[in-house]
Novice: 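Next up is a structure, given as structure tokens.
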There are 2 protein chains.
Amino acid sequence: MKKQGEDILKNSALSVTASRKRILDIFLAADNALAHQDIETKCADQYDRVTIYRTLQTFLEKGIIHNIPSTDNMVRYALCNEACITTGHHHDNHVHFRCDACGKTVCLDDVNIPAVNLPRGYTMKEINMVVNGICKSCK
Amino acid sequence: MKKQGEDILKNSALSVTASRKRILDIFLAADNALAHQDIETKCADQYDRVTIYRTLQTFLEKGIIHNIPSTDNMVRYALCNEACITTGHHHDNHVHFRCDACGKTVCLDDVNIPAVNLPRGYTMKEINMVVNGICKSCK
DNA sequence: ATTAAGAATGCAACTTTGTTGCAAAAGTAT
DNA sequence: ATACTTTTGCAACAAAGTTGCATTCTTAAT
Ligand SMILES: [Mn+2]
Ligand SMILES: [Mn+2]
Ligand SMILES: [Zn+2]
Ligand SMILES: [Zn+2]
């Protein structure tokens with residue numbers, strides 16, 4: 001096949017450009033969530049920093065990637081599942097895990113975020129859960 | 001009384017300085033979590049930016065404040081409860097809420113984070129939950 | 001109250017991160 | 001192949017964060 005990246009772009013009605021394909025490939029090859037910086041390290045020699053910013057923004061809006069909150073000012077991004085890509089909006093209701101040992105952040109796709117009861121008057125739109133600890137590779 | 005801020009500093013074995021008192025006062029008066037920038041806006045004329053960075057770092061380490069993850073590269077800080085201050089490490093297992101309308105982030109101190117089952121091999125140390133939506137003031 | 005030791009602050013210089021406008025280049029549809 | 005639209009790179013900038021060091025402030029002991 002070898003055109004998965006291109007397919008994703010076409011399905012999202014995005015024009016197929018070298019930088020977008022490259023950045024998608026980086027995500028497809030990654031086993032953990034990536035910060036802007038990680039991507040820049042991998043391809044700043046080929047593509048401009050600004051292009052990376054704009055590409056990530058575009059991917060976010062199209063439901064190709066989702067972002068993961070952090071307390072270190074390093075928002076990380078990971079590929080979405082099919083549902084987000086096809087519907088064009090996000091359904092990423094899984095837990096994220098940040099390993100204190102290796103520093104990797106991963107999507108726990110099989111772990112759903114449990115329900116939570118908000119006080120009267122609050123309306124929930126999105127929910128995010130990030131767990132810190134030791135991952136299964138580092139334990 | 002009027003010495004709550006000073007008491008917190010003393011209980012944490014921190015020397016009592018004007019900037020620390022001021023920053024604590026800002027937190028004590030706030031009804032929502034504050035980013036570095038918010039604090040800077042309120043007192044950059046009196047205290048150096050670097051001092052604010054270092055003070056927040058110190059307060060974090062002493063369990064005086066905790067930080068709240070975000071996807072907008074604006075980590076926010078809020079006062080901890082007694083338990084963190086007295087023990088010197090964090091027990092902030094409550095849910096945080098970010099209002100899409102007013103932009104405020106608040107601690108829902110009464111809403112505990114529900115338990116979550118991690119896959120085999122993962123060890124949990126900390127857990128963070130942030131909910132987005134409309135707060136009770138904006139609804 | 002003085003003083004000495006240690007801690008915190010301010011400043012300068014710097015690095016990193018993120019934003020914007022615009023011209024050139026590349027992609028898409030005809 | 002052409003015209004139209006979108007994306008990219010560049011430059012210039014603004015904002016955010018870091019570090020070393022001299023000065024000032026706190027604290028605790030005299
Ligand atoms: Mn994820
Ligand atoms: Mn909180
Ligand atoms: Zn790990
Ligand atoms: Zn609100």
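In the text below, chain A, chain B and the rest are named by the order of the sequence lines, each starting its count at 1. The basis for the numbers below is simple: all heavy atoms, side chains too, and nothing from hydrogens, waters or symmetry mates.
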Novice: Drop me the distance from A:I65's CD1 to A:D92's CG, to the nearest 0.5 angstrom.
Specialist: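 So the gap between those two atoms works out to 10.5 Å.
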Novice: Should A:I39 and A:F59 be counted in the same cluster of Ile, Leu, Val, Met, Phe, Trp and Tyr side chains packed under 4.5 Å apart?
Specialist: yes
Novice: Can you tell whether the side chains of B:D38 and B:R76 come within less than 4.0 Å, N to carboxylate O?
Specialist: no
Novice: Distance check needed: C:dT9 C1' versus B:L56 CG, whole Å only.
Specialist: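 Interatomic distance, CG of B:L56 to C1' of C:dT9: 15 Å.
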Novice: Taking heavy atoms of chain B and a 4.0 Å limit, find me the 5'-most and 3'-most nucleotide of DNA chain D within that range.
Specialist: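 Footprint of chain B along DNA chain D, 5' to 3': D:dA16 to D:dT27.
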Novice: Calculate the interatomic distance between A:Q57 atom CD and C:dT20 atom P; express it in whole Å.
Specialist: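 These atoms are roughly 11 Å apart.
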Novice: Looking at A:D72 and B:V75, what are the two nearest heavy atoms and their distance?
Specialist: N-CG2, 4.3 Å
Novice: Name the orientation class of the two ring planes belonging to A:Y53 and A:H36 (parallel below 30°, tilted from 30 to 60°, perpendicular beyond 60°).
Specialist: parallel
Novice: Mind listing the residues from residues 10-19 of chain B sitting with a heavy atom below 4.0 Å of DNA chain C? Number order is fine.
Specialist: B:S15, B:T17, B:S19
Novice: How far apart are the closest heavy atoms of B:P114 and A:M129, and which atoms are they?
Specialist: O-CE, 4.0 Å
Novice: What heavy-atom pair brings A:R20 and A:T55 nearest, and what distance separates the two atoms?
Specialist: CG-CG2, 4.0 Å
Novice: Hey, is the side chain of A:Q37 poking within less than 4.0 Å of OP1 or OP2 on C:dT16, counting only N and O atoms?
Specialist: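 No, because none of the side-chain N or O atoms of A:Q37 sits under 4.0 Å from OP1 or OP2 of C:dT16.
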Novice: Taking donor-acceptor contacts at under 3.5 Å, does the side chain of A:R20 reach the base of C:dG27?
Specialist: no
Novice: Taking atom P of C:dA26 as reference, at what distance in whole Å does atom CG of A:L9 sit?
Specialist: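 So the CG-P distance, A:L9 to C:dA26, works out to 18 Å.
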Novice: With the side chain counted from C-beta on, respond yes when B:L28 and B:L79 share a heavy-atom pair under 4.5 Å apart, and no when they do not.
Specialist: yes
Novice: Return the minimal non-hydrogen interatomic distance between A:K125 and B:D100, and the atom names on each side.
Specialist: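 In this case the closest contact between A:K125 and B:D100 is NZ-OD2, 3.6 Å.
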Novice: Shortest non-hydrogen contact from A:C43 to A:R22?
Specialist: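 What the structure gives for the nearest pair is CB-NE, 4.3 Å.
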Novice: Once rounded to the nearest 0.5 Å, what's the spacing between atom OG of A:S137 and atom NZ of A:K104?
Specialist: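 A:S137 atom OG to A:K104 atom NZ measures 7.0 Å (nearest 0.5 Å).
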Novice: Return the value, rounded to whole Å, for the distance between atom CE of A:M74 and atom P of C:dT17.
Specialist: 7 Å
Novice: If you take any heavy atom closer than 4.0 Å to DNA chain C, which residues from residues 38-53 of chain A end up in contact?
Specialist: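 A:R49, A:V50, A:Y53 - these, ordered by number, are the residues of the stretch whose heavy atoms sit under 4.0 Å from the strand.
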